Amino acid sequence: MDPTTDGRTAGSSDGRADGTDGADGTSGLLTDFRTLVRRLIDEMPAPDGGPLLVDALTRHLGTEPHQLAVVGFPVPLHRLVDADIALAEVSAVDPDAEVIGIAGDSRHHMTLGDLVHERHGFGSLVGQVDYDRMPTGPGPDDRRQVVTSGLRLFHLDGVPVAVRQQGANPQFGRETGAVEVLAVDREVADALISRVQELMDARSVLRGQVLTFGADPYGRGMAGLTFLERPQVAAESVVLPEGVLERVVHHVIGMGEQRERLLAHGQHLKRGVLLYGPPGTGKTHTVRHLLSATPGTTAVLLSGGALMHIHAAAKVARAHQPAIVVLEDCDLVAEDRSIGMGSSPLLFEVLDALDGLDSDADVAFVLTTNRVEDLEVALSQRPGRVDLAAEVPLPDADGRLELLRLYGGHLFGDEAMSAAAARAEGTTASFAKELVRRAVLAAALADEPPGDDHLGVALDGLLSDAQRLTRSLLGVQAHGDDAGGPDDGVPVGALGRPGRASRSPGWFAYSPSSGSIHPD
């Protein structure tokens, strides 16, 4: 090493022969020592295992990466696939684009800014790219390999850029993913981020899907978001009083079909529908028909405690409209403040989410409840959020007969079904479905094909006093002590007000192979 540089001694940073900078002679020595250490580190060969990450970035960017600003944005867990799709499309414009990894544990807990400042240390090495198979739909083969730790190196408009993709890792305290960008031109970095965010919405795997938030360890989902099969329920399978289904369909679906005309006349598209009535009468079955009749529409289903995700659901609906947000059994948590987003009751959080949508948002909120009296006061205090209430009552005699024909018309004679419908006064659609199932079971136990006699035997069993609790669980009003059939509508005594616990997301699913139809 040359002992002198530009006329100064190696030991002096200010031209003084003794290298001192003060009375004690220490400042200049510290400066020179620091310079020497930095030069030794810079000239030190890379450790065995590969090139330094900083060197790879320097070669690609054409400048020291620690001199550049890092810009980026967080990525929610359920948008990691969307971010990967968007970045793959953006980088594909460069045929020489590549993805490199980051070796070591530092990739888990260090930001890109931290990593590019590691030159004056041993530094991270270029290593493997981390991937994760994430769902893109409800099917077992609906999967995509997503980069969860890696750097995409490519050119955008002739400018070299480096984009880091990072997934979530709760073990290291990282609950969301992130996208971080390095570019010599800051405007290019900002434009890149804007383009990626636009593509995340335009190419989103969530668009047109049926989704639910909430923990489901056996569901095909990610970070509490699960994909569901879209149900297939024809209008003929929905048994409601005349005109009820038509009004609901017109409000939820028809309004969206008239989007352009409504907006042209200054009318908003967001709307709320309340389906109310006793349990087991067909509210959820009606919802499933709405989903069936709207292929390509994004649907988010929330039930019970999952309503705490209402704001996330509203964001998904807004970004992927046209959309339907279903709030199942919202009476169960209407006044709950413990799982809301603040001090307000959870129902108010739901209504605020509806009110917060833009007027041109093609989003329909559908609420269902077994106890409308628990919601009426809250809804009246927030007028205009729900603009259609449709009662789904207990079926009358004609409705009960139609339900029996729907579930068992291919098994039993019309006369036997008419008699059963007359005897089953005050029962629900769930009761009719269970009645047919028990008749088929009775025939199987007797090793006989299902027939009219089995229907009568099954009805006798369900109407017996021994089945009082079973009837209440099917939403049927309580029986009198001595009567063989339902009484005048005395509320269920054994369980108090009829209701049900929060359903699992899979409850909404419809299986074409089994032909299963859930009435409510």
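Quick caveat: nothing in here was measured; it's all calculated off a predicted structure.
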Exercise. Show your working on salt bridge (Lys or Arg N to Asp or Glu O under 4.0 Å) between Arg437 and Glu434 and close with a plain yes or no.
Key: CA-CA 5 Å; Arg437 188 178 75 96; Glu434 178 63 15; 2.9 Å; yes

Exercise. Take Asp114 and Thr111, measure what side chain to side chain donor-acceptor pair (under 3.5 Å) needs, and give me the verdict at the end.
Key: CA-CA 5 Å; Asp114 294 332; Thr111 67; 3.1 Å; yes

Quiz prompt | Short side-chain donor-acceptor distance under 3.5 Å, Ser204 and Asp201 | solution =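 Checked: Asp201/Ser204 side chains show no N/O donor-acceptor pair below 3.5 Å.
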
Write down the atom of [X], the atom of [Y], and the distance for their closest heavy-atom approach.
| X | Y | answer |
| --- | --- | --- |
| Gly101 | Val129 | N-CG2, 3.5 Å |
| Ile324 | Val366 | CG2-CG2, 4.1 Å |
| His78 | Asp82 | O-OD2, 4.5 Å |
| Gly256 | Arg271 | N-NH2, 3.6 Å |
| Val233 | His289 | O-ND1, 2.9 Å |
| Val436 | Tyr407 | CG1-O, 3.6 Å |

Heavy-atom check, side chain of [X] versus side chain of [Y], under 4.5 Å:
| X | Y | value |
| --- | --- | --- |
| Ile253 | Glu257 | yes |
| Phe73 | Ile193 | yes |
| Val188 | Val181 | no |
| Asp387 | His251 | yes |
| Ser149 | Gln128 | no |
| Leu125 | Leu52 | yes |
| Thr428 | Leu394 | yes |
| Val196 | Leu87 | yes |

So does [Y] get a backbone contact from the side chain of [X], meaning a donor-acceptor N/O pair under 3.5 Å?
| X | Y | value |
| --- | --- | --- |
| Arg371 | Asp329 | no |
| Gln209 | Thr136 | yes |
| His320 | Gly208 | no |
| Asp362 | Gln321 | no |
| Asp185 | Glu187 | yes |
| Thr58 | Val54 | yes |

Exercise. Please check if atom NE2 in His250 has more than 12 non-hydrogen atoms from other residues, nucleotides or ligands closer than 6.0 Å.
Key: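 12 or below, so no.
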
Quiz item: So does Gln67 have more than 12 non-hydrogen atoms from other groups sitting under 6.0 Å from CD?
Solution: yes

Self-check item: The single option from Leu291, Leu327, Val325, Leu211 passing side-chain contact (heavy atoms from CB on, under 4.5 Å) against Leu301
Solution: Leu291

Quiz item: Which of these passes side-chain contact (heavy atoms from CB on, under 4.5 Å) with Leu151: Ile102, Leu115, Val163, Leu182?
Solution: Ile102

For the atom pair [atom1] ([X]) and [atom2] ([Y]), what is the distance rounded to the nearest 0.5 Å?
| X | Y | atom1 | atom2 | answer |
| --- | --- | --- | --- | --- |
| Leu403 | Ser237 | CG | OG | 10.5 Å |
| Lys283 | Asn370 | NZ | CG | 4.0 Å |
| Leu275 | Thr368 | CG | OG1 | 7.0 Å |
| Arg152 | Arg164 | CZ | CZ | 14.0 Å |
| Glu180 | Gln166 | CD | CD | 6.0 Å |
| His117 | Leu112 | NE2 | CG | 10.5 Å |

Exercise. In sequence, state the C-alpha distance, the side-chain angles, and the governing distance for His155 and His60, and then conclude on side chain to side chain contact (heavy atoms under 4.5 Å, CB included).
Key: CA-CA 9 Å; His155 288 76; His60 175 69; 3.9 Å; yes

Quiz item: Stepwise, does the side chain to side chain contact (heavy atoms under 4.5 Å, CB included) test hold for Leu57 with Leu153?
Solution: CA-CA 8 Å; Leu57 289 173; Leu153 307 180; 3.9 Å; yes

Exercise. Applying side chain to side chain contact (heavy atoms under 4.5 Å, CB included), run through Val248 and Val252 and close with a yes or a no.
Key: CA-CA 6 Å; Val248 173; Val252 175; 4.3 Å; yes

Quiz item: Under 4.0 Å between a Lys/Arg side-chain N and an Asp/Glu carboxylate O for Asp84 and Arg79?
Solution: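 Between Arg79 and Asp84 there is no salt bridge, as every charged N stays at least 4.0 Å from the carboxylate O atoms.
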
Quiz item: Do Asp190 and Arg186 meet the salt-bridge criterion of a basic N to acidic O distance under 4.0 Å?
Solution: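 Result for this pair is yes, salt bridge flagged.
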
Exercise. Determine, stepwise, if the pair Phe365 / Val273 fulfils side chain to side chain contact (heavy atoms under 4.5 Å, CB included).
Key: CA-CA 6 Å; Phe365 277 66; Val273 175; over 6 Å; no

